[in-house]
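When reading the values below, keep in mind they use all heavy atoms of this one structure, side chains included, and skip hydrogens, waters and symmetry mates. Quick note on labels: first sequence line is chain A, next is B, and so on, each numbered from 1.
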2 protein chains.
Amino acid sequence: MFSKACEYGIRAAVYVALQSLDGRRVSVNEIAEEIDSPIAFTAKILQQLSRSKVIHSVKGPTGGFELDRTEMDTVKISTIVHAIDGDDIYVGCGLGLKECNAQKPCPLHDKFVDIRNDLKNMLENTSLYELATGLEVGLTYLKR
Amino acid sequence: MFSKACEYGIRAAVYVALQSLDGRRVSVNEIAEEIDSPIAFTAKILQQLSRSKVIHSVKGPTGGFELDRTEMDTVKISTIVHAIDGDDIYVGCGLGLKECNAQKPCPLHDKFVDIRNDLKNMLENTSLYELATGLEVGLTYLKR
DNA sequence: TCAATAAAGGATAATTTTGTCCTATTTATT
DNA sequence: AATAAATAGGACAAAATTATCCTTTATTGA
Ligand code: FES
Ligand code: FES
C-alpha cells in the first residue's frame with residue numbers, strides 16, 4: 001500500500017505532533033527509537049517532510065523537529081503520503097495501465113476507483129492532531 | 001497498491017479468460033503483447049499462476065494457457081493477488097507495524113481497516129469471468 | 001571564541017523487485 | 001524417429017527501494 005519510507009514518515013510525524021503537544025522538540029534519534037525505525041533512513045525522511053513543510057526543523061543544540069498546534073490540524077495524512085509517495089495512490093490505475101482514464105478504463109476501474117476515493121477521502125480527512133491525540137490517551141501505538 | 005508482478009498477473013489472467021471464452025488457448029508471447037508487459041517476466045508470473053491453479057497451462061505445439069468456463073467464476077481477483085503478493089494487503093498494518101492488531105492498534109487502524117476490508121471484499125467478489133466479459137463487449141481495456 | 005549538539009546532505013551499500021537470457025522438458029505433427 | 005513449438009525453470013542483470021556512513025552547516029551555550 002504505502003512505501004516503507006511513507007510508513008515511517010507518517011509514524012514519525014505523528015510522534016512529532018504528540019511531543020509538540022507538550023512543547024517538546026524531538027531529535028531524529030528519539031523519533032527512530034520511539035517508532036522503531038532505522039535512524040539514518042528516518043533522518044532522510046524527516047528531511048523530506050521538513051522540506052515539504054509537513055514538520056519544522058531546528059538545527060543546533062536544543063534543536064530537533066516540531067510542529068505547531070495549528071499545523072497539526074491543517075496537515076492531513078494525505079499531505080504526508082503525497083510528499084513521500086507522490087500521487088500514484090490517488091490517481092494511478094489499479095492494474096498498472098499508464099494512466100487511469102474513465103474513457104478507456106481497465107477491467108477493474110469502476111470498482112477500484114470507489115476504493116481509491118474512499119482511501120483518498122480518509123487520508124484527506126485525517127489530521128495529525130487527530131492521530132496524535134489517540135496516542136496521547138494511550139489508545140494507539142507507534143511500535144509493537 | 002499491487003506489485004507490478006501482480007498487476008501483470010491480473011491483466012494476463014483476464015486476457016486468458018477472455019480468449020478461453022472463445023475456446024482459444026494463448027501463448028506467453030500473445031499475452032505479453034496484448035497486455036503490454038515484458039515477455040520473460042510475464043512468463044514467470046504465468047508459471048506462478050499455473051502452479052497456484054489460477055490458470056491451466058499446456059506444453060508443446062498448440063499449447064498455451066487457458067481457463068475453463070467454470071473456473072472463471074470461481075477464481076476471484078483476490079486469489080490472484082494472494083498468489084502473487086501474499087496476504088499483506090489483506091491483513092497488514094497500514095503504518096507498517098509488525099502486525100495489525102486491534103488490541104494494540106496503530107493510530108490509523110480503525111480507519112484503515114475499513115478501507116482494507118472494502119478492498120478485500122471487492123477483490124473477493126470479483127471473478128475473472130466478470131472482468132473478461134467487460135473486455136469482450138469492448139467496454140474495458142488491458143493496455144493503452 | 002570554542003566546543004558541543006543537532007539537522008542537512010552526499011556518497012555508498014544492501015536488499016528487493018523487476019526484468020532478461022538460456023537451457024530443459026513436454027508434446028503435437030510430419 | 002525427428003523436428004518444431006510451447007511452457008518450466010535456473011542463472012543472471014538492471015533498477016528501484018531501503019538503509020548506512022561520513023562530512024558539512026547551523027546554532028547554542030560556556
Ligand atoms: S483505468 Fe484502471 S483503475 Fe482506472
Ligand atoms: S494496527 Fe495498523 S492498521 Fe491495524
* Asked: For DNA chain C, whose closest nucleotide is more 5', that of A:S57 or that of B:V58?
  -> A:S57
* **Distance, rounded to the nearest Å, where A:H56 contributes NE2 and D:dT27 contributes P** => 10 Å
* To do: Rounded off to whole Å, could you give me the CD1-to-P distance for the A:I39 and C:dA6 pair?
  => 13 Å
* Under 4.0 angstrom, heavy atoms only, what part of the nucleic acid is A:R25 near: base, sugar-phosphate, or nothing? -> nothing
* **Rounded interatomic separation in angstrom, taking CG from B:L67 and P from D:dT7** => 15 Å
* **Length of the CD-P vector between B:E66 and C:dT27, whole Å** => 13 Å
* Closest to side chain of A:A40, choosing from D:dT20, C:dG19, D:dT27 -> D:dT20
* To do: Please state how far atom CD in B:Q48 lies from atom C1' in C:dG19, giving the value in whole angstrom units.
  => 14 Å
* Asked: What integer distance in Å separates B:L46:CG from D:dG9:P?
  -> 13 Å
* Mapping A:K4 and B:V26 to their closest nucleotides on DNA chain D, which lands nearer the 5' end? -> B:V26
* Structure fact -> Regarding the side chain of B:V28, the nearest nucleotide among D:dT7, D:dT18, D:dA5 is D:dT7
* OP1 or OP2 of D:dA19 under 4.0 Å from side-chain N/O of A:Y8 -> yes
* Structure fact -> Side-chain atoms of A:T62 come closest, of D:dT28, C:dA8, D:dA8, to D:dT28
* Hey, is the side chain of B:Q47 poking within less than 4.0 Å of OP1 or OP2 on D:dA8, counting only N and O atoms? -> no
* Asked: Closer to the 5' end of DNA chain D via nearest nucleotide, is it A:G60 or B:I31?
  -> B:I31
* **Flag, side chain of B:R116 to backbone of B:V91, donor-acceptor distance under 3.5 Å** => yes
* Could you check which of C:dT27, D:dA8, C:dA11 has an atom nearest any side-chain atom of A:K44? => C:dA11
* Begin with the C-alpha distance, continue with both residues' side-chain angles, and end with the deciding distance and a verdict on salt bridge (Lys or Arg N to Asp or Glu O under 4.0 Å) for A:E130 and B:K111. => CA-CA 12 Å; A:E130 180 180 349; B:K111 294 175 169 195; 2.8 Å; yes
* Asked: Of the candidate nucleotides D:dT20, C:dA8, C:dT5, which contains the atom at the shortest distance from the side chain of A:F41?
  -> D:dT20
* To do: Decide yes or no on side-chain hydrogen bond (donor to acceptor under 3.5 Å, both in side chains) for A:E71 and A:Y129, but give the supporting numbers first.
  => CA-CA 8 Å; A:E71 287 176 307; A:Y129 179 73; over 6 Å; no
* Within this structure, what is the NZ-to-P distance between A:K59 and D:dT27, rounded to whole angstrom? -> 7 Å
* **Distance in angstrom units between A:N29 CG and D:dT20 C1', rounded** => 14 Å
* Structure fact -> Result for side chain to side chain contact (heavy atoms under 4.5 Å, CB included) between A:L119 and one of B:L119, B:I115, B:D118 points to B:I115
* Asked: C:dT20, C:dT5, C:dA7: which one has an atom nearest the side-chain heavy atoms of A:S27?
  -> C:dA7
* Establish, yes or no, whether the cationic atom of B:R25 lies under 6.0 Å from the six-membered ring centre of B:F65 and within 45° of the ring axis. => no
